[in-house]
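Reading through the structure tokens given below for one structure.
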Amino acid sequence: GQQVKQSSPSLTVQEGGISILNCDYENDMFDYFAWYKKYPDNSPTLLISVRSNVDKREDGRLTVFLNKSGKHFSLHITASQPEDTAVYLCAAGENQGGSAKLIFGEGTKLTVSS
Amino acid sequence: DMKVTQMPRYLIKRMGENVLLECGQDMSHETMYWYRQDPGLGLQLIYISYDVDSNSEGDIPKGYRVSRKKREHFSLILDSAKTNQTSVYFCASSPGTGGGAETLYFGSGTRLTVL
């Protein structure tokens, strides 16, 4: 089964609004959580990540919320802009001596309309 | 310049042919990965390599093998390619140590078509 799941394949938000992207995971041992952004015909790039010892991390317009008991984490993008339009991939894994065997979700295509 | 380089960018092969996908990185990263991306399935991990000759299966290793003889180079081999191996293949590397140890740096991908 899919260990990391993004249940919404797509999301449309008005410019200036808040985009909320969700991700669920199954493995209790996961202790590293990340969001990657991918434009068409480009490679994924890291947006923001968090370790399991915190439940929230902010970086500019981005905030990651982690709910370990619910095995759920989310990405909030405030003041959404058309250039935020992309596919967002969540990823989770267990840190194994520095590296993490990252498992990715299916992706959510975010469209920010002006 | 920190970079993960994949060759080739596009590749067309016939069923049964052997395929070699190459990946290089200039960051001295310990850990390297091969993923494939298919519509609706996201990125699926094929193999992970923790260092030279230290490779481990990912979630979908069947039909693939890998080779890492130098830290900066990681190859994905398809012996007798199948049509269901048509996909976009991404190589990635991560530092493995220090801050941002788990951060993946991806190559630009190889779009493989098996006819």
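Residue numbers start from 1 in every chain, and the chains themselves are labelled A, B, ... in the order their sequence lines are given, proteins ahead of strands.
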Examine [X] and [Y] and state if one hydrophobic cluster contains both, with Ile, Leu, Val, Met, Phe, Trp and Tyr joined whenever side-chain heavy atoms are less than 4.5 Å apart.
| X | Y | value |
| --- | --- | --- |
| B:Tyr105 | B:Tyr89 | no |
| B:Leu112 | B:Val4 | no |
| A:Leu89 | A:Ile48 | no |
| A:Trp35 | A:Ile20 | no |
| A:Leu21 | A:Phe65 | no |

[atom1]/[X] to [atom2]/[Y] distance, rounded to the nearest 0.5 angstrom?
| X | Y | atom1 | atom2 | answer |
| --- | --- | --- | --- | --- |
| B:Thr103 | A:Leu102 | OG1 | CG | 9.0 Å |
| B:Glu102 | A:Asn95 | CD | CG | 4.5 Å |
| B:Asp59 | A:Phe104 | CG | CZ | 11.5 Å |

A:Lys101 and B:Gly58 have their tightest heavy-atom pair at CE-CA, 4.1 Å
Expected contact set for residues 105-114 of chain A against chain B at heavy-atom separation under 4.5 Å reads A:Gly105, A:Glu106
The interface call for A:Pro44 against chain B, heavy-atom contacts under 4.5 Å, is both
Within-4.5 Å side-chain heavy-atom neighbours: B:Phe106 and A:Leu46 | no
- [ ] Inspect the contact between A:Asp41 and B:Arg111 and indicate whether a charged nitrogen and a carboxylate oxygen are less than 4.0 angstrom apart.
- [x] yes
For residues 35-51 of chain B against chain A, heavy atoms under 4.5 Å, the residues are B:Tyr35, B:Gln37, B:Gly40, B:Leu41, B:Gly42, B:Leu43, B:Leu45, B:Ile48, B:Tyr50
